[in-house]
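Have a look at the structure below before the remarks.
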Amino acid sequence: MRKVFAISILMFCFSVAMYAQFEKVTEARRLYQEKNYVEAQRTIDDAMQHPELELDAYAWLMRGYIYKDIYKKVDKGDPYSKARKNALEYAMKAMELDTTKDQVFFSDGYKLYDHLAKTYYNDAARAMNKKDHEGAVQHFANYERTILELTPDADLTQKKIEFYNALATVYTKLYNGDRQQLDYFKKAIAMYQKVMNLDKENYGANYNMATMWYNRGVYNIQQISWENDIPSIELIQKVSKEFFMQALPFMLKAHEQDPTRIETLKGLEGIYYSLQDEVKSDEYRAKIKDLYGVE
Amino acid sequence: MGLERDGDKDTTAIVKASYIYNIAKLVDWKDPKMKEGNFVIGIMSESNIYQELIKKYSNKSIGKQPIEVRKMARSESVGKCHILYVPSSALTLLPAIRSNLAGSGTMIITDDPSGLSKGAIVNFSPVAGVVKIELSIPNATAQGIQVGATLKQLAFKVEE
């Protein structure tokens, strides 16, 4: 009889504690709805200290929402906000723990997670606009990681192509701003190569790769000055010729994709001209004239 | 033939202009009158080579003679220069030009496989994707121009 009484007391205490923690989650929700995000965060963090809520999908989801808005409103969308990382973790937890029949917490957790994961992609794009290539790489890696955590078989090929092409453009701009920075040249080439590894027919990557090599060859020759003697002029030409040769297969590939596009016709005309192949250069020049009436 | 391209990206014009300047430094005009006044480089038709010479070499000198770059009309009655560049597009005029400038000390430079046989002293020739120099010593001698040993050594082909 004494034993039964003791168990009853324990169950009562547990229920009271449980109720108290649920009350805190409700309070956190109220604060959240009032847009008092900092207090909501403090309250939910306090509630989640208690092991009773460890397996509660709703509490984790609520915590995820609150941290999402800490990231958005308090941290003002700071791409390095730790709150976003936490919100993702909490949303995932809510999905994992949801045992309800209609999976409502799973569904909401999924939407929250998916939304937050996509913000990494937007951050990558914004970083690229600011030529912050390191930030862009980091944010895109986070995007890729979080999306694959949510959907391990997600096909990110198009997003990767889009990102690598854009990142290559950033590297190209940085290189064009200072031609001594060959590291940027190499990075741009590597990015276009990554695009082609995913899609070897990609017009933009082929065309831009060709243009990078061609422009490097041209730039090399443009540096010839009155100080260069004949042997050095020959050497510069030979080095540039290698760059023009590198450009050629990519420009031909791009031309294959779109045989009437003027950029590639002009590109081939220029590459062959720089390779001293006037016959082929003239062929492409004639095509431009036929198609566009310009030389 | 005779492609005109955006000057900045006309790699061939950049190379040829640089060669012309270097060639001028490596030959000698026997006629003392050719060692006075400006060193005149005439460029027929090819505006990119002309622009390149103006941009990079017009403030330089050959010996004590300041370089003067002149754009020449496409005509057989072109005036005497130290160096006259005749592009392949104007090659049909070359026999008449050569005849008019015979013994004047003008070094004719071309960029056509038949250039040397038509009287040019220097011809630019594409060899494996690179512009190289061909020389005709008899044509130089006929114009009273001595080609230095260095230029002979650097030429891809020398007609003795």
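Numbers restart at 1 for each chain; the letters A, B, ... are given by sequence-line order, proteins then strands.
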### Query
Atom OH of B:Y57 and atom OG of A:S225: how far apart are they, to the nearest 0.5 Å?
6.5 Å
### Message
Is it true that, when you exclude A:Y219 itself, more than 12 heavy atoms of the residues, nucleotides or ligands shown sit nearer than 6.0 Å to its OH?
### Response
yes
### Message
Please classify the contact of B:Y19 with chain A as side chain, backbone, both or neither, using a heavy-atom distance under 4.5 Å.
### Response
both
### Query
Which atoms of A:K238 come close to chain B, meaning under 4.5 Å heavy atom to heavy atom: side chain ones, backbone ones, both, or neither?
both
#### Entry: Test: B:K60 cationic atom under 6.0 Å from A:W226 six-membered ring centre, within 45° of axis
yes
#### Entry: B:D10 side, atom CG; A:Q222 side, atom CD - distance, nearest 0.5 Å
10.5 Å
### Query
How about B:L154 and A:P231: do any of their side-chain heavy atoms sit closer than 4.5 Å?
yes
### Task
Between chain B and each of A:V279, A:V218, A:N220, count heavy-atom pairs under 4.5 Å; write down the option with the most.
A:V218
### Message
Counting neighbours of NZ on A:K85 that are heavy atoms of other residues, nucleotides or ligands and sit closer than 6.0 Å, is the number greater than 12?
### Response
no
## Note on the structure
Shortest non-hydrogen pair, B:N22 vs A:D229, comes out as OD1-CA, 3.4 Å
#### Entry: Nearest-0.5 Å distance, CG of residue A:N228 to CD1 of residue B:I14
11.5 Å
### More than 12 heavy atoms from other groups under 6.0 Å of CD on B:E159
yes
### Query
For B:K30, does the NZ atom sit with more than 12 other heavy atoms under 6.0 Å from it, leaving out its own atoms?
yes
### Message
Checking A:N215 against B:K9 for the side chain to side chain contact (heavy atoms under 4.5 Å, CB included) test, could you report, in this order, the C-alpha distance in whole Å, the side-chain angles of both residues, the deciding distance, and whether it holds?
### Response
CA-CA 9 Å; A:N215 284 343; B:K9 289 205 166 186; 2.6 Å; yes
### Message
Taking atom CD as the centre, does B:E160 end up with more than 12 heavy-atom neighbours from other residues, nucleotides or ligands that are less than 6.0 angstrom away?
### Response
yes
### Message
Looking at every heavy atom in both A:I224 and B:S18, which two are closest together, and how far apart are they?
### Response
CG2-OG, 3.3 Å
### Message
Under the criterion side chain to side chain contact (heavy atoms under 4.5 Å, CB included), I'd like the reasoning laid out for B:T11 against A:F244: C-alpha separation, chi angles, the key distance, then a yes or no.
### Response
CA-CA 11 Å; B:T11 50; A:F244 299 139; 4.1 Å; yes
### Query
Atom CD in A:Q276, atom CG in B:D111: separation rounded to 0.5 Å?
9.5 Å
## Note on the structure
Contact list (residues 125-153 of chain B to chain A, heavy-atom gap under 4.5 Å, by number) returns B:P126, B:A128, B:G129, B:V130, B:V131, B:K132, B:I133, B:L151
